[in-house]
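What follows is a set of notes on a single structure, which appears directly below.
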Amino acid sequence: MSWLPLSLGAPMVLWGLLALPVIWWLLRFTPPKPQTEVFPPLKILARVLKREETPQQSPWWLTLLRLLMAALIVAALAEPVFNPRERLPAEGSALALVIDNDWASAADWGQRVATAERLIIDASSNGVPVIIAFTAEKPNAEIGPFDAATALDRLRAAKPRPIPTDRPAVYARVAATLETLPGASVAVLADGLAAEGDEAAFNTLLSKNAARVVWAASDRPGLVGLTGADNQVDGFELTAIRAPGDPAPAQVTAGAFDDKGRRIADATLTFSPGESTATSTMAVPFELRNDFASIALDGQRQAGAVRVLDENSKRRRVGLLSQAEADQAQPLLSPLYYIRRALQPFADLTEPSSADLADAIPQLLDQKPAMIVMADVGTIPEQVRQRLVDWVDNGGTLVRFAGSRLVAAGNDDDLLPVRLRTGERSLGGALSWTTPQPVTDFPKTGPFADLAPPAEVTVTRQVLAEPTPDIVERTWATLADGTPLVTGMKKGKGTLVLFHVTPEATWSNLPISGSFVEMLRRIVQLSRNQGAAVANAEAAAASLAPYRMISADGTLVPPTPDARPLVPSAGPLPVTFENPPGLYGSETGVLAHNLLNAESSFAPLVRPQITVPVTTIQYAFDESHNLKGPLVAAALLLMVLDTLAVFWMGGLFSRRPRRAGTAAATTAALLIALGALVGHTDIARADDAKPGDARAIEDISKTRIAYVQTGERSVDSISQAGLEGLTRFLIEKTALEPGAPASVDISKDQLSFYPLIYWPIDPAAPMPSQAAIARVDAYMQQGGTVLFDTRDQFATGIGADSASPATERLRDILGNLNVPPLEPVPPDHVLTKSFYILPEFPGRFAGGPLWVAASLEATNTENRPVRTGDGVSPIMITANDFAGAWAVDENGDPLLPTVPSDPMQRIYALRAGVNIMMYMLTGNYKSDQVHVPVLLERLGQ
């Protein structure tokens, strides 16, 4: 039943409103006035005391209040809903939900989940199973059918993925499942973008067993993707795309970020009306562009708006050097002409101002280039030769071209990759060909392995390499007769490359071919400082481990468990579930794997022709509101007001209380009652606590071990760490869960809260005052125990004639205490068996005894300590440094080594601490166990 914008889940309950007149009559009904008999002796009081008057009917406003309260309860039971949503057609034999959870769904994923939840809830009310499948998940992900609760759990656990959809495969699996469930409802929750294979996928899904279809597709307003970010001569050239056909102009801002996430550059891309592509140039200096790690579009929280960059996007500074004079009239004959044309699109070129090699080479090296190209440069001057060799060894790439000067200079093992033969090989010469030689397939081990051999390139003249055992490994390109055209080798961290022809088109037409540009580009990629490993890996087709991934919302995150290594190939790499977009490699070098490429485009998804009934819905959150809760809350509030009104009419608030405390108590009670009715109580009350009460409550709420503050920071820190280590061990090994250790100042803190106080004796600490020692004495007399630790086992013992400074200080302290006779712990003392069976009590040091109060019958070894009382020794003394053995850091690792270095000694020290704590808390409980056989015998057991 619905009256927009309000609907009722149980409209029949509204018939209860007919009972309101009956309630009104009952509220106004007054029983007959009882007969009153006046006792004569009390007649005089009738004129003194105010006679209580009982009204014959309740006030109208109170009656109205109660009627309104009853009406609210009836309305709440009718389950009213404000702004009710339309019920979706989730019926039939099953509900099949196919949901796009790719990168394009990340921006409005919450609305998609809310829409799918409504469909599942409606299917649950109809009692039909649910098939739920996502188009960007694992290929073998389970799709059901599920019950509604399981389907909701899987829906809420799903998340958008930074990959494209795979509708054909997923739709085929759903269609196969629906073969056993004819007449099902199919809900398509698409991302609004068309993909390859959509027509066949929808035909497979909807052509069979679909009785009705629910179609929800986003119109993708404002979706913009970044398809290109190329480092050009003047700046980064950016290319962005949007869905075609949008008549409105639009602007987006792109930001460039470095590897630490700092924004270092901006650019604005403008879409003209009706245009789907926009370009812009991020004009920043060369050095700043090389710091770019990623580029992202502002306001686009999806993976398509982010582009990560690797070394291929960084421009390299390349120095050009030639000994030939430039001929301005014939530039095509210049040795550097074709090199400049080939390198200029992807490198920052620099040339020296001097033609003298002794000055030119240092000028180039001072600009720190990644690569230097020498066009027919012969002998290198000795004064700059070593500096050039060091530059190559430290990571530079030296590319040399053959020529008459290079041939005349002879071999140079430090600056040439191979040894050269004397003379040249030319067409018609002594080492001649009958025909020009073409280029064959590039070797698989070189950087040109994935390039197609240029069929149009021929060579008529070249410099030959000496045949050596490693000539094959150093050959990057060969001619048809097997002679090397390009050779290269690694030298130190750098690379040496030699083209066995000149850089102009005199010996070969290679410099005027497109392959020449690609070959130089590959060599520039090899010249990167940290990218050589990745470049070599690409050439060898090795796999690169995931390093940083792009999430569906466009942020860089660590690799997910589902990501797998990426195998580079010559063509564009597909983005899949196992290879999501991001960076692959390691800190030494990465490869960028982006979602969109230069051929990507956004095409809107067109709803296919469907013969069954179709219901079109929009992605939206559920805006309906159940009014049952607010109505019940309003009724409770009226009930509170009714109660307060009754109190007021009874004169509770008008009478003067005898004491102010009574009024305060009444007010507090009313406030507490009011808070309980509305569901929460937050009442400020008077705080009569005294200073120190909070700590006292904390100290007695849990058993805690305390240590004495000596004033020496190093000693106190070890005491605290030691007691923390013992506390951890107690929690792990026993049922006792003590609180955090406490530090006490014996001169002012309350000592009676702690069953055991650990006192490390340090001669450098100030001597306690007489008042403080008296407080310790009182603590010991009242049942507490102090564990004194002189920590001087390897100095002298307590009974030695020549005492250590710590022992002397202990004697000064004990001289002012009522210390009972002491003895080392006997073998049958309860301390040796209170929890662990221990023959001795080592600490950080071993060998020292643990002194305790002597038993009452110390001379009778057969009766000790069974015949003693239940009391615990008020004093214990050791020299074994218990706290040093117990001390641990935040990770639970020991702070100090044991002496001797024995791992079991630390375990025995912790067990000794456990026995001491059990002894403190249970007394001679363990020693009483010897009476158990006698007791059992007397009981006839």
Side-chain angles (χ1 to χ4, degrees), residues 103 106-107 162 224-232 234-240 252-269 280-317 346-348 367-370 394-395 493 524-525 527-535 537-538 544-561 563 565-566 568 575 579-596:
W103 63 273
V224 181
L226 197 59
T227 60
D230 299 324
N231 200 347
Q232 300 296 333
D234 299 327
F236 253 98
E237 183 177 337
L238 307 180
T239 304
V252 291
T253 303
F257 303 86
D258 63 9
D259 55 359
K260 295 183 179 180
R262 297 173 296 193
R263 192 182 186 109
I264 54 179
D266 294 296
T268 300
L269 296 95
S280 179
T281 300
M282 191 175 287
V284 293
F286 160 75
E287 291 80 6
L288 191 60
R289 274 180 277 150
N290 280 354
D291 290 336
F292 289 1
S294 63
I295 298 177
L297 300 177
D298 294 341
Q300 297 287 325
R301 297 188 58 82
Q302 36 89 7
V306 178
R307 198 162 190 87
V308 291
L309 307 175
D310 55 15
E311 293 293 329
N312 293 326
S313 301
K314 291 179 171 50
R315 291 181 67 85
R316 289 300 178 218
R317 178 165 288 162
F346 49 85
D348 183 53
Q367 299 186 52
K368 298 180 180 180
N394 292 328
K493 298 180 180 179
V524 170
Q525 292 175 355
S527 70
R528 49 195 172 182
N529 294 331
Q530 296 151 1
V534 175
E538 292 181 43
L544 302 176
Y547 182 63
R548 293 287 185 273
M549 300 293 100
I550 302 176
S551 64
D553 61 358
T555 58
L556 288 178
V557 297
T560 61
L566 179 70
V575 176
N579 293 135
L583 297 172
Y584 290 80
S586 63
E587 294 181 356
T588 60
V590 292
L591 175 68
H593 183 43
N594 289 295
L595 176 67
L596 304 179

Measure the [atom1]-[atom2] distance between [X] and [Y] for me, rounded to the nearest 0.5 Å.
{"X": "Thr239", "Y": "Leu596", "atom1": "OG1", "atom2": "CG", "value": "11.5 Å"}
{"X": "Trp103", "Y": "Arg301", "atom1": "CH2", "atom2": "CZ", "value": "15.0 Å"}
{"X": "Leu583", "Y": "Met549", "atom1": "CG", "atom2": "CE", "value": "7.0 Å"}
{"X": "Leu309", "Y": "Arg289", "atom1": "CG", "atom2": "CZ", "value": "12.5 Å"}
{"X": "Ser294", "Y": "Asn594", "atom1": "OG", "atom2": "CG", "value": "10.0 Å"}
{"X": "Asp230", "Y": "Leu238", "atom1": "CG", "atom2": "CG", "value": "9.0 Å"}

If you look at every heavy atom in [X] and [Y], which pair is closest and at what distance?
{"X": "Gln300", "Y": "Val224", "answer": "OE1-N, 3.3 Å"}
{"X": "Ile264", "Y": "Leu288", "answer": "O-CD2, 3.9 Å"}
{"X": "Leu297", "Y": "Ala254", "answer": "CD2-CB, 3.7 Å"}
{"X": "Met282", "Y": "Ala267", "answer": "CE-CB, 3.7 Å"}
{"X": "Pro162", "Y": "Pro580", "answer": "CG-CB, 4.2 Å"}
{"X": "Ala265", "Y": "Val284", "answer": "CB-CG1, 3.8 Å"}

By side chain to side chain contact (heavy atoms under 4.5 Å, CB included), which residues pair with Glu237, not counting sequence neighbours?
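Partners of Glu237 by the side chain to side chain contact (heavy atoms under 4.5 Å, CB included) criterion, ordered by chain and then number, come out as Gln232.
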Using side chain to side chain donor-acceptor pair (under 3.5 Å) as the criterion, list what pairs up with Asp266, not counting sequence neighbours.
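For Asp266, the residues satisfying side chain to side chain donor-acceptor pair (under 3.5 Å) (neighbours in sequence not counted) are Arg263.
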Side chain to side chain donor-acceptor pair (under 3.5 Å) involving Ser551 - partner list, sequence neighbours excluded
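If we apply the side chain to side chain donor-acceptor pair (under 3.5 Å) test to Ser551, skipping adjacent residues, the hits are Asp553, Thr555.
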I need the single residue from Pro568, Ser586, Pro565 that forms a side-chain contact (heavy atoms from CB on, under 4.5 Å) with Leu544. Which is it?
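Answer after filtering Pro568, Ser586, Pro565: Pro568.
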Considering only heavy atoms from C-beta outward, does the side chain of [X] approach that of [Y] to under 4.5 Å?
{"X": "Lys368", "Y": "Arg317", "result": "no"}
{"X": "Ile295", "Y": "Leu226", "result": "yes"}
{"X": "Ile550", "Y": "Val308", "result": "yes"}

Working for side chain to side chain contact (heavy atoms under 4.5 Å, CB included), residues Asn394 and Lys493:
CA-CA 5 Å; Asn394 292 328; Lys493 298 180 180 179; 5.7 Å; no
Verify ring pair (Phe, Tyr, Trp, His ring centres under 6.0 Å) between Phe292 and Phe257, making sure each step is shown before the conclusion.
CA-CA 6 Å; Phe292 289 1; Phe257 303 86; 9.4 Å; no
Can you list the steps and then say if Asp298 with Val252 is a side chain to side chain contact (heavy atoms under 4.5 Å, CB included)?
CA-CA 7 Å; Asp298 294 341; Val252 291; over 6 Å; no
Return each pair, listed once, that meets side chain to side chain donor-acceptor pair (under 3.5 Å) where at least one residue sits in residues 252-261; pairs must be two or more places apart or across chains.
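Of all non-adjacent pairs touching residues 252-261, those that pass side chain to side chain donor-acceptor pair (under 3.5 Å) are Asp258-Arg262.
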Partner set under salt bridge (Lys or Arg N to Asp or Glu O under 4.0 Å) for Arg548, not counting sequence neighbours:
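Applying salt bridge (Lys or Arg N to Asp or Glu O under 4.0 Å) to Arg548 gives none.
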Contacts of type salt bridge (Lys or Arg N to Asp or Glu O under 4.0 Å), residue Asp291, not counting sequence neighbours
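Salt bridge (Lys or Arg N to Asp or Glu O under 4.0 Å) list for Asp291, sorted by chain: empty.
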Heavy-atom donor-acceptor pair, Gln367 side chain to Pro369 backbone, under 3.5 Å
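No, because the side chain of Gln367 does not come within donor-acceptor range (under 3.5 Å) of the backbone of Pro369.
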